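In what follows, residues are counted from 1 in the order of the sequence shown. Quick caveat: nothing in here was measured; it's all calculated off a predicted structure.
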Amino acid sequence: MKYAVQLEPALKYMRSPEEAKDVFLSWQRDDTSFFAAGACHILAHMFLSLHPGEGFDLVFIKPTDQFPGNHMYAGNGTWAFDFNGWSLEKDLLRVNEEFAKVKYPGWSYERIVIKEGLPEYLKHSNYLRGPEYFPELPWKRAYAYIQSFPSSQAEKK
């Protein structure tokens with residue numbers, strides 16, 4: 001099993017303009033890059049499917065003023081799960097914010113809990129790809145990636 005040694009910001013893995021346009025090119029990225037930027041919403045949704053009733057929500061880091069740096073993860077106010085694996089949510093937010101502010105002075109964000117779930121949210125989104133828009137359905141890939149980490153935050157300790 002993988003254990004995150006140091007949290008990384010999702011923005012570090014931002015897709016190139018070519019990868020953002022070409023789903024086949026984006027699909028070929030390694031799992032860390034793929035689930036950090038471009039398919040973070042897929043990973044978070046799969047995580048929620050595997051941890052029902054455990055108090056996790058789909059959480060959206062939505063940059064203000066149209067800055068880049070959108071990111072979704074599963075969080076419960078204390079713990080978070082994203083491409084890094086398990087982390088304290090405050091640390092995940094801090095790492096993403098610090099990195100983004102260096103790259104984009106003035107960067108800030110809203111932390112939004114997506115209560116309606118990913119399928120409903122995708123109906124209103126004009127920038128997220130639904131799973132059917134990837135070259136292959138990404139669920140098996142997301143499942144395998146999640147399985148490479150401890151199954152709970154308690155196992156991480």
Side-chain angles (χ1 to χ4, degrees), residues 1-16 19-20 26-27 29-65 67-122 125 127-131 134 138-157:
M1 276 187 205
K2 295 191 282 189
Y3 290 87
V5 175
Q6 183 175 351
L7 287 176
E8 295 186 288
L11 193 55
K12 174 182 173 184
Y13 293 96
M14 189 164 71
R15 291 173 295 163
S16 70
E19 290 167 337
S26 183
W27 181 263
R29 301 170 80 203
D30 68 77
D31 285 343
T32 298
S33 300
F34 182 71
F35 290 120
C40 56
H41 58 296
I42 300 292
L43 186 69
H45 181 74
M46 175 56 75
F47 178 89
L48 294 174
S49 297
L50 295 172
H51 294 269
E54 293 183 26
F56 287 93
D57 292 307
L58 182 62
V59 182
F60 180 22
I61 297 174
K62 181 181 181 185
T64 59
D65 299 325
F67 279 111
N70 293 308
H71 187 53
M72 285 192 180
Y73 62 92
N76 68 4
T78 301
W79 289 98
F81 188 92
D82 75 346
F83 73 97
N84 287 293
W86 289 100
S87 64
L88 290 172
E89 189 171 13
K90 66 181 175 71
D91 293 341
L92 178 68
L93 293 170
R94 178 186 45 76
V95 164
N96 281 281
E97 183 176 17
E98 287 174 356
F99 184 87
K101 283 185 173 185
V102 168
K103 194 165 177 124
Y104 303 101
W107 189 92
S108 64
Y109 70 95
E110 295 177 68
R111 179 190 178 276
I112 300 171
V113 175
I114 309 296
K115 286 293 187 185
E116 69 262 38
L118 185 63
E120 189 62 33
Y121 185 78
L122 286 172
S125 174
Y127 65 91
L128 287 177
R129 287 188 179 117
F134 289 90
W139 302 122
K140 185 176 180 180
R141 187 173 177 179
Y143 178 82
Y145 190 73
I146 290 167
Q147 296 305 311
S148 71
F149 292 94
S151 62
S152 74
Q153 69 274 18
E155 289 179 40
K156 185 179 191 266
K157 295 178 181 178

Residue pairs meeting side-chain hydrogen bond (donor to acceptor under 3.5 Å, both in side chains), one or both in residues 53-65, sequence neighbours left out, come to H51-E54, D57-K115, T64-S108

Closest heavy-atom pair, A74 versus A44, reported as atoms and distance to 0.1 Å, is N-CB, 3.9 Å

Note: L92 and S87 closest approach over all heavy atoms is CB-OG, 3.6 Å

Tightest non-hydrogen contact, residues M14 and A37, listed as CA-CB, 3.9 Å

Report task. Answer whether the closest heavy-atom distance between the side chains of Q147 and L50 falls below 4.5 Å. Result -> yes

Next on the checklist: Would F34 and Y145 count as a side-chain contact (heavy atoms from CB on, under 4.5 Å) here? Give the steps.
Outcome noted: CA-CA 11 Å; F34 182 71; Y145 190 73; over 6 Å; no

Would you say the ring centroid of F56 lies under 6.0 angstrom from that of F81? no

SG (C40) and CZ (F47) are apart, to the nearest 0.5 Å, by 14.5 Å

Does the side chain of H71 pick up a donor-acceptor pair with the side chain of D82 at under 3.5 Å?
yes

NZ of K101 to CD of E97, rounded to nearest 0.5 Å, is 4.0 Å

Heavy atoms of R29 and E19 approach each other most closely as NE-OE1, 3.5 Å

The residue among L43, I42, L128, I112 that forms side-chain contact (heavy atoms from CB on, under 4.5 Å) with M72 is L128

For the residue pair P119 and H45, establish whether any side-chain heavy-atom pair is separated by less than 4.5 Å.
yes

So salt bridge (charged side-chain N to carboxylate O under 4.0 Å, His left out) across residues 104-113, not counting sequence neighbours, yields E89-R111

To the nearest 0.5 Å, atom CD of E120 lies from atom CD1 of I114 at 11.5 Å

Pair Y13-F83, ring-ring contact (aromatic ring centres under 6.0 Å, His included): steps then yes or no
CA-CA 11 Å; Y13 293 96; F83 73 97; 5.6 Å; yes

- Under a 4.5 Å cut-off applied to non-hydrogen side-chain atoms, are L93 and Y109 in contact? yes

Test of ring centre spacing under 6.0 Å for F99 and W107: no

When every non-hydrogen atom of A36 is compared with those of A10, the smallest separation belongs to O-CB, 3.4 Å

Looking only at heavy atoms, the pair that brings A39 and F134 closest together is CB-CZ, 4.1 Å

